[in-house]
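What follows is a short report on a single structure.
A, B, ... follow the sequence lines: proteins, then strands. Residue 1 opens every chain. Quick caveat: nothing in here was measured; it's all calculated off a predicted structure.
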Amino acid sequence: MAHKFFPKEEFLLKGHAACPGCGAALVLRHVLKALGARTILVIPASCSSVIAGPFPKSSYSVPVLHIAFAASAAAASGIVEALDKLGEKTFNVVVWAGDGGTADIGIQALSGAAERGHDIIYICYDNEAYMNTGIQKSGLTPYKAWTTTTPRGNPSFKKDMPGIMVSHRIPYVATISPAYPNDIVSKIRKAAKIRGLKYIHAHIPCPPGWRFDSSLTVRIARLAVLSGVWILYEYENGVFRLTGPSRKLVDKSKRKPIGEYLKLQGRFRHLSERDVEELQKLVDERWEAIRKDIMGENA
Amino acid sequence: MSKVKVPVARPVIGAAGKTGIWRVSRPVVDYSRCTLCGICWLYCPDSVVEISEDKKRVVIDYDYCKGCGICSVECPFNAIKMVREEVR
Ligand SMILES: Cc1ncc(C[n+]2csc(CCOP(=O)(O)OP(=O)(O)O)c2C)c(N)n1
Ligand code: SF4
Ligand code: SF4
Ligand code: SF4
Ligand SMILES: [Mg+2]
């Protein structure tokens, strides 16, 4: 009875402007349920600026500051300072930014806010390209994926953005997926209780951008986790912990081969068998690194 | 000094209009199969599924449902069928 355990109130109001089957809308819906009404969103230029709908209406029922691309984390810092001066201690200040807005254009402001330790929950919703302007490659587009600017497949690697944030020594870093709303709600609620900058990275399947049918958003998100492409984990004060189904996936035999995940998406249609093998190898190496270096198991 | 006017939008249902008109297929619930598990409510990106406690029914708001089909794929009891909308 899923609906009984989650907060009922909706803060992403129906009749918003996201595409059918939008993973970003689904994750934001649960993030806002977890945080509740006393939340201020900072949103840089992205699909989420558009999902709000045209002025003077908004589909977000919490206050939103729509802000220039490079400025999200700096603007959030300003809000935190202003609330502090007002003696207001009950608001969650949340940045909700795309992968382009986070890993490329907003990274300096984010790094500065992390250094200052401002009390912000920074969420990167990662649909793995600049979707709002027509599917251009970003620093978080996966290796070999098709985009309109990488018509033969992306030659560069996806940046380890959560890893970059871990190296800032902030108190909390976590990854989430729309297929696991329980995990979303518990991580967001944990982040809200921690002082300092919290960084959360969401995997966001995007039907038009990844070229799949809008009904498959959750299925693809789940396959990404079960095949180990997307790993659910958290770092709390530097201590690493796998969460949800990822806990059982250190053993390779428990992971699905990535072929099924790739096959459902048009952006990987051009891959040869050798390409798939190469991508599988990269996933396995990542897990091996987790087992050895992060979890310290030298088996 | 002239006053600066800050443009402030207000939250409303249907900020982007009646998004139900985008729909190509309509999710139809087979109540004989539905167990009210709430999975369709959980995964709807458009917040249009309601589980009415008194009526003990899943109710979809067709004014705003975009017909993405996630509810139909995710329903563990195969209780939601996507039916092509007729052009009127
Ligand atoms: C300084 C600046 N450069 C470019 C743009 C155009 N622009 C608006 S949204 C967008 C894409 C953003 O991509 P991402 O952050 O990944 O969010 P998504 O659209 O994928 O949700 C771009 C390039 C802009 N608004 N401002
Ligand atoms: S392009 Fe992708 S992320 Fe953007 S609104 Fe559409 S489905 Fe959502
Ligand atoms: S997911 Fe299926 S069984 Fe569960 S409440 Fe929805 S229609 Fe009923
Ligand atoms: S088709 Fe999509 S928008 Fe309509 S009720 Fe199902 S999940 Fe929600
Ligand atoms: Mg993006």
Side-chain angles (χ1 to χ4, degrees), chain A residues 1-6 8-30 32-33 37 50-66 178-182 184-185 204-207 213-222, chain B residues 5-27 34-53 56-77 80-83 85:
Chain A
M1 308 290 124
H3 55 290
K4 295 205 172 131
F5 300 112
F6 285 81
K8 267 215 152 54
E9 198 173 343
E10 303 288 354
F11 299 93
L12 176 60
L13 304 177
K14 54 193 175 184
H16 59 66
C19 311
C22 174
L26 179 52
V27 172
L28 183 57
R29 180 177 166 230
H30 286 295
L32 291 176
K33 276 179 184 294
V50 175
I51 292 171
F55 181 83
K57 297 176 178 174
S58 171
S59 60
Y60 305 133
S61 75
V62 295
V64 176
L65 176 64
H66 291 282
Y180 300 96
N182 287 310
I184 298 179
V185 171
I204 303 290
C206 161
D213 185 85
S214 63
S215 64
L216 298 177
T217 300
V218 173
R219 179 174 286 180
I220 285 174
R222 190 180 296 116
Chain B
K5 235 185 157 179
V6 181
V8 179
R10 301 282 165 201
V12 280
I13 283 172
K18 290 255 158 89
T19 50
I21 58 170
W22 303 5
R23 197 170 53 238
V24 178
S25 296
R26 162 187 295 248
C34 173
T35 64
L36 293 171
C37 73
I39 293 292
C40 51
W41 173 88
L42 190 66
Y43 286 125
C44 174
D46 283 90
S47 327
V48 298
V49 178
E50 210 188 306
I51 312 239
S52 142
E53 288 302 327
K56 297 250 175 286
R57 287 230 145 163
V58 170
V59 183
I60 294 171
D61 186 343
Y62 292 115
D63 280 349
Y64 298 105
C65 161
K66 294 170 188 161
C68 69
I70 291 177
C71 53
S72 169
V73 167
E74 295 305 320
C75 170
F77 302 94
I80 304 182
K81 228 182 25 207
M82 299 304 290
V83 179
E85 292 283 1

Worksheet entry | Sidechain-backbone polar pair: A:K33 side chain, A:K8 backbone, donor-acceptor under 3.5 Å | yes
Discussion item. For A:F6, is there any backbone N or O sitting under 3.5 Å from a side-chain donor or acceptor partner on A:H30?
Written reply: no
In terms of heavy-atom proximity below 4.5 Å to chain A, should [X] be classed as side chain, backbone, both, or neither?
{"X": "B:I51", "answer": "side chain"}
{"X": "B:W41", "answer": "both"}
{"X": "B:D61", "answer": "side chain"}
{"X": "B:V8", "answer": "backbone"}

Response to the item:
Max heavy-atom pairs within cutoff under 4.5 Å with chain A, candidates B:S47, B:G69, B:C71, goes to B:S47
Worksheet item: Between B:P45, B:G17, B:A16, B:S72, which residue shows the highest count of heavy-atom pairs closer than 4.5 Å to chain A?
Response: B:P45
Top contributor to chain B contacts, counting heavy-atom pairs under 4.5 Å, from [options]:
{"options": "A:G23, A:S214, A:P178", "result": "A:S214"}
{"options": "A:F55, A:F11, A:F5", "result": "A:F55"}
{"options": "A:S215, A:P20, A:G53, A:G21", "result": "A:S215"}
{"options": "A:A24, A:S61, A:S58", "result": "A:S58"}

Worksheet entry | Which residues share a ring-ring contact (aromatic ring centres under 6.0 Å, His included) with A:Y180, sequence neighbours left out | none
Discussion item. I'd like to know if B:E50 pairs up with A:K14 as an ion pair, taking the criterion as any Lys NZ or Arg NE/NH1/NH2 lying under 4.0 Å from an Asp or Glu carboxylate oxygen.
Written reply: no
Item to complete: Please flag which part of A:R29 lies under 4.5 Å from any non-hydrogen atom of chain B: side chain, backbone, both or neither.
Response: side chain
Worksheet item: chain B heavy atoms under 4.5 Å from A:P181: which part of the residue, side chain, backbone, both or neither?
Response: side chain
Worksheet item: Looking at CD1 of B:I39 and SG of B:C44, how far apart are the two atoms once the value is rounded to the nearest 0.5 Å?
Response: 13.0 Å
Item to complete: Flag the pair B:D46 / B:Y64 as yes when at least one side-chain heavy-atom distance between them is below 4.5 Å, and no otherwise.
Response: no
Practice prompt. Using the side chain to side chain contact (heavy atoms under 4.5 Å, CB included) rule, take B:I80 and B:C40 through it: C-alpha gap first, then chi angles, then the decisive distance, then the call.
Written response: CA-CA 9 Å; B:I80 304 182; B:C40 51; 3.9 Å; yes
Discussion item. Given the ring of B:Y62, does B:R26 sit roughly above its face, with NZ or CZ under 6.0 Å from the centre of the six-membered ring and within 45° of the axis?
Written reply: yes
